[in-house]
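What follows is a single structure, written as structure tokens, with notes after it.
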Amino acid sequence: MKELKLDPAVLTVWIDGQEFTFRADSAFSKRVAELAAEAERRTAMASAVGRHNEAEVAAFLSHAVDSLLGDGASETIFGEDVPEILSLLDILDVIMNAFREYRASRIARLKEGMA
């Protein structure tokens, strides 16, 4: 008999030698969607006025990292250094790749359970 275990996963990512965990659940998905919508809104506004402010972009991306990994994650990673936009994007990519891999494995387990 096949068994389906529905437990929300706690995923771990390592960034600059530091361990961060997050729960791969509906609330995480909702936060990702909200952050994506806010990023699109900010991009559209900046394009409309022809002004892209790197400091604002870095602040928003730091906020996104903190929203997904927990308050203070950006400060833990960067300390007092000003976060580089590409580094922040790399961190968000690592987080999202871990989430996508978890979702793919969960879908595969569900399909296996249905076979």
- For the student: nearest non-hydrogen atoms of Thr76 and Gln18, plus distance: CG2-OE1, 2.8 Å
- Exercise: identify the closest heavy-atom pair between Val65 and Ala73: CG1-CB, 4.2 Å
What is the distance from atom [atom1] of [X] to atom [atom2] of [Y], rounded to the nearest 0.5 Å?
| X | Y | atom1 | atom2 | answer |
| --- | --- | --- | --- | --- |
| Glu101 | Leu11 | CD | CG | 9.5 Å |
| Leu61 | Glu56 | CG | CD | 12.0 Å |
| Ile95 | Asp90 | CD1 | CG | 11.0 Å |
| Trp14 | Thr21 | CH2 | OG1 | 10.5 Å |
| Leu88 | His63 | CG | NE2 | 12.5 Å |
| Glu75 | Ser62 | CD | OG | 10.0 Å |

Give a yes or no on whether the backbone of [Y] and the side-chain of [X] come within a donor-acceptor separation of less than 3.5 Å.
| X | Y | answer |
| --- | --- | --- |
| Arg31 | Ser67 | yes |
| Ser105 | Tyr102 | yes |
| Ser87 | Pro83 | no |
| Glu19 | Val13 | no |

- Considering residues, nucleotides and ligands other than Asp16, do more than 12 of their heavy atoms fall under 6.0 Å from its CG? no
- Query: Taking everything shown except Asp71 itself, do over 12 heavy atoms lie less than 6.0 Å from its CG?
  - Reply: no
- Message: Applying a strict under-4.5 Å side-chain criterion to I, L, V, M, F, W and Y, I'd like to know whether Leu92 and Val82 cluster together.
- Response: no
For the residue pair [X] and [Y], establish whether any side-chain heavy-atom pair is separated by less than 4.5 Å.
| X | Y | result |
| --- | --- | --- |
| Leu68 | Phe99 | no |
| Phe28 | Arg23 | no |
| Ser29 | Arg103 | no |
| Val32 | Glu34 | no |
| Leu86 | Leu89 | yes |
| Ile91 | Phe78 | yes |

- Report the C-alpha distance between His52 and Val57 in whole Å, list the side-chain angles of each, state the deciding distance to 0.1 Å, and finish with yes or no for side chain to side chain contact (heavy atoms under 4.5 Å, CB included). CA-CA 8 Å; His52 295 275; Val57 171; 5.6 Å; no
- For Phe20 and Ile77, what are the C-alpha separation, side-chain angles and deciding distance, and is it a side chain to side chain contact (heavy atoms under 4.5 Å, CB included)? CA-CA 10 Å; Phe20 296 90; Ile77 296 165; 3.5 Å; yes
